Amino acid sequence: TDAVVDPHPAATTALGGGFAPRSRLVVPVCPQGDRTYLLGLHRCRIERDWKEEDLELVQAIAERLAQIMTMLAIQTALAESEERFRATFEQAAVGICHIDHRGWFLKVNHKLCDILGYTEEELLAYSGLDLTHPSDRNALQNYFAQVKAGKGESSCLELRNIDKQGLTIWCNLTMAARKDAEGRFKYFIAVVEDISARKALQERDLRHRDALARASRISTIGEMSSAIAHEITQPLMAISTYVGGALQRLDNQSAKPDAREIELLRGVLLEISRLADRAGHIIDRIRNFSSQRSPKPQVIDLRKISCEAIGMVESEFKARRTEIDVDCPADLPPAIGDPIELEQVFVNLLLNGLEAMKETPVARRQLSVEITSVDANQIQVSVADRGVGFTAGEMMRVFDPFFTTKVGGTGLGLPVCRSILESYGGRIWAEPRPGGGAVFAFTLPGQAEDHIR
């Protein structure tokens with residue numbers, strides 16, 4: 001990095017070898033971030049004795065030249081970076097914008113204009129809140145606050161925007177806060193992706209899943225039709241018997257009934273009312289189970305839902321002389337889901353276990369239902385039977401659509417159960433039971449996760 005002065009032999013090499021001036025001075029020029037250059041002075045006619053001030057002057061020139069070259073390189077890099085940013089900003093496949101702390105647009109790209117249907121000049125006269133669906137404005141304001149505080153930059157927000165034609169557009173918003181060297185907020189950088197097509201596809205898939213779930217419930221009721229008919233016939237026959245007996249006693253009364261006879265008839269009427277309520281409850285339960293309705297995720301009590309599901313299949317279990325053992329803690333935390341859909345999951349697993357034990361000796365026909373709290377955010381349910389179990393190949397395919405090991409089965413029950421549980425953030429699996437049989441287990445998020453699909 002020092003100056004090279006003749007007769008030092010390096011000078012000739014530094015200047016190219018073949019050039020042989022009588023007197024020469026070579027100084028390195030070292031711009032930052034670039035290779036080293038050489039600045040050379042020479043005298044060809046006479047020799048010159050280079051003085052110290054000559055060296056200092058040439059070195060000062062070399063340093064200044066290096067600074068100029070560094071500045072030019074920085075300006076060139078900045079211009080290229082700005083050009084790349086501008087091309088990326090304008091030609092991006094997603095909407096990009098800069099937003100101030102109040103939510104007003106500072107800069108927008110062409111794609112965002114296309115998404116919202118406004119020109120660039122029109123968008124710059126609006127704030128993001130102006131073009132957000134009223135129901136989503138609070139969520140957007142909270143997102144602004146989180147990102148500005150440095151807490152939400154790794155997250156995104158799905159919300160509805162209103163375009164120039166007044167149509168609703170589903171968008172996925174991702175933001176980051178731009179700050180100066182002192183850490184003070186300058187503006188938001190936001191990326192907006194139109195997900196309307198994806199949302200429409202999700203809604204269509206959800207409708208298809210709901211229709212399939214209802215078809216599966218109706219199929220389940222069809223499988224249970226004989227047991228249901230028997231369960232309804234019992235109270236109806238008892239009502240008929242009580243009514244016939246009451247009428248006969250009234251016909252046999254020749255005088256005014258005494259107090260004892262009136263009390264007896266009152267008891268008969270109360271029993272008739274109880275039996276009628278029981279029959280009505282059975283019919284209501286079947287109607288609700290098979291109804292066509294949109295699922296409504298809510299806080300639910302899995303203990304209660306399991307009892308209702310067992311009530312649905314109780315007559316089937318009695319007819320096949322099979323016991324159900326339920327183990328559920330009294331302090332089980334609530335979960336998130338739709339009651340009817342989760343009752344369907346329980347009923348399907350209970351009936352599958354019952355079917356699997358049809359060849360099991362009566363003394364061993366027992367189905368075990370265990371409901372436990374894994375942690376504050378997850379609840380697990382296990383349904384274990386003592387049936388034939390599964391082969392390794394069957395275990396791998398048990399949740400495949402249309403795969404079934406039951407005679408006359410549709411192969412849709414377990415896939416529908418999996419779809420239901422996954423829609424709430426849960427999962428379902430199957431495994432062999434020690435000592436023979438199979439275990440079906442599933443999990444659901446607890447209330448703390450507040451999972452709403």
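Predicted model, so just to flag it, every value in this text is computed and none were measured. What's counted below: heavy atoms across the whole structure, side chains too, no hydrogens, waters or symmetry copies.
Counting all heavy atoms, side chain and backbone alike, L444 lies closest to I336 at CD2-O, 4.0 Å. Of all non-hydrogen atoms in I379 and P333, the two that sit nearest each other are CD1-O, 3.0 Å. Heavy-atom minimum distance, C30 versus T36: SG-CG2, 3.7 Å. Heavy atoms only, all atoms of each residue included: D338 and Y424 are closest at CB-OH, 3.1 Å. Here the closest non-hydrogen pair linking C113 and V108 is SG-CG2, 4.0 Å. The shortest non-hydrogen separation linking V439 to S382 is CG1-CB, 4.3 Å.
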Tell me, with the steps shown, if N352 and N348 meet side-chain hydrogen bond (donor to acceptor under 3.5 Å, both in side chains).
-> CA-CA 6 Å; N352 282 353; N348 191 280; 3.1 Å; yes

Take R303 and D301 through the test salt bridge (charged side-chain N to carboxylate O under 4.0 Å, His left out) and record every step on the way to the result.
-> CA-CA 5 Å; R303 182 189 182 96; D301 181 354; over 6 Å; no

Would Q366 and T322 satisfy side-chain contact (heavy atoms from CB on, under 4.5 Å), going step by step from the backbone distance to the final call?
-> CA-CA 6 Å; Q366 184 179 49; T322 305; 6.0 Å; no

Check against side-chain contact (heavy atoms from CB on, under 4.5 Å), L421 and L342 | CA-CA 8 Å; L421 293 166; L342 294 175; 3.9 Å; yes

side-chain contact (heavy atoms from CB on, under 4.5 Å) evaluation trace for Y143 with M175 | CA-CA 9 Å; Y143 188 46; M175 292 202 311; 3.9 Å; yes

Where do N161 and L116 land on the side-chain contact (heavy atoms from CB on, under 4.5 Å) test, with the steps shown first?
-> CA-CA 8 Å; N161 288 117; L116 298 176; 4.0 Å; yes

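For the pair S419 (side chain) and P415 (backbone), a donor-acceptor distance under 3.5 Å is absent. Under the 3.5 Å distance criterion, the side-chain polar atoms of D130 are left unmatched by any main-chain donor or acceptor of W104. Remark: the backbone N or O of L159 is not paired with any side-chain donor or acceptor of D136 at under 3.5 angstrom.
In this structure, CZ on R386 lies 10.5 Å from CD on E323, to the nearest 0.5 angstrom. L350 contributes atom CG, which lies 10.5 Å from atom CG of D385 (distance to the nearest 0.5 angstrom). Between the CG atom of L157 and the CG atom of N142 there is a distance of 9.5 Å, given to the nearest 0.5 Å. One distance of note links CG of L351 with CG of L367; it measures 10.0 Å at 0.5 Å rounding. Once rounded to the nearest 0.5 Å, the distance linking SG of C97 with CG of L173 reads 7.5 Å. Put simply, CD1 on I162 and CG on L167 are 8.5 Å apart, with the number rounded to the nearest 0.5 Å.
For the pair K148 and F185, the cation-pi criterion (under 6.0 Å, within 45° of the ring axis) is fulfilled.
Evaluation of the side chain to side chain contact (heavy atoms under 4.5 Å, CB included) rule for I189 yields H98, R178, Y187 as partners, not counting sequence neighbours. In this structure, the side chain to side chain contact (heavy atoms under 4.5 Å, CB included) partners of K318, at least two apart in sequence or on a different chain, are E314. Considering only residues two or more places apart in sequence or on other chains, Y118 meets the ring pair (Phe, Tyr, Trp, His ring centres under 6.0 Å) condition with Y126. Partners of T360 under the side chain to side chain contact (heavy atoms under 4.5 Å, CB included) rule, at least two apart in sequence or in another chain, are M357, R364, R365.
Residue pairs meeting the side-chain hydrogen bond (donor to acceptor under 3.5 Å, both in side chains) criterion with at least one partner in residues 162-171, sequence neighbours excluded, are E122-K164. Pairs engaging residues 185-201 under the salt bridge (Lys or Arg N to Asp or Glu O under 4.0 Å) rule: E158-R198, E158-K199 [sequence neighbours left out].
For the pair L140/L129, a side-chain contact is recorded, criterion being any heavy-atom separation below 4.5 Å from C-beta on. Looking at E343 and S306, their side chains never come closer than 4.5 Å, going by heavy atoms from C-beta outward. Taking 4.5 Å as the limit, some side-chain heavy atom of Q344 sits within range of a side-chain heavy atom of I420. At least one side-chain heavy atom of S135 sits under 4.5 Å from a side-chain heavy atom of R160. Using a 4.5 Å heavy-atom cutoff, the side chains of L332 and I371 are in contact. For the pair V381 and L302, the minimum side-chain heavy-atom distance is below 4.5 Å.
Remark: R320 engages E355 in a salt bridge, criterion side-chain N to carboxylate O under 4.0 Å.
For F346 and F442, the gap between ring centers is short of 6.0 Å.
Heavy-atom neighbours of E120 CD from other residues, nucleotides or ligands within 6.0 Å: above the threshold of 12.
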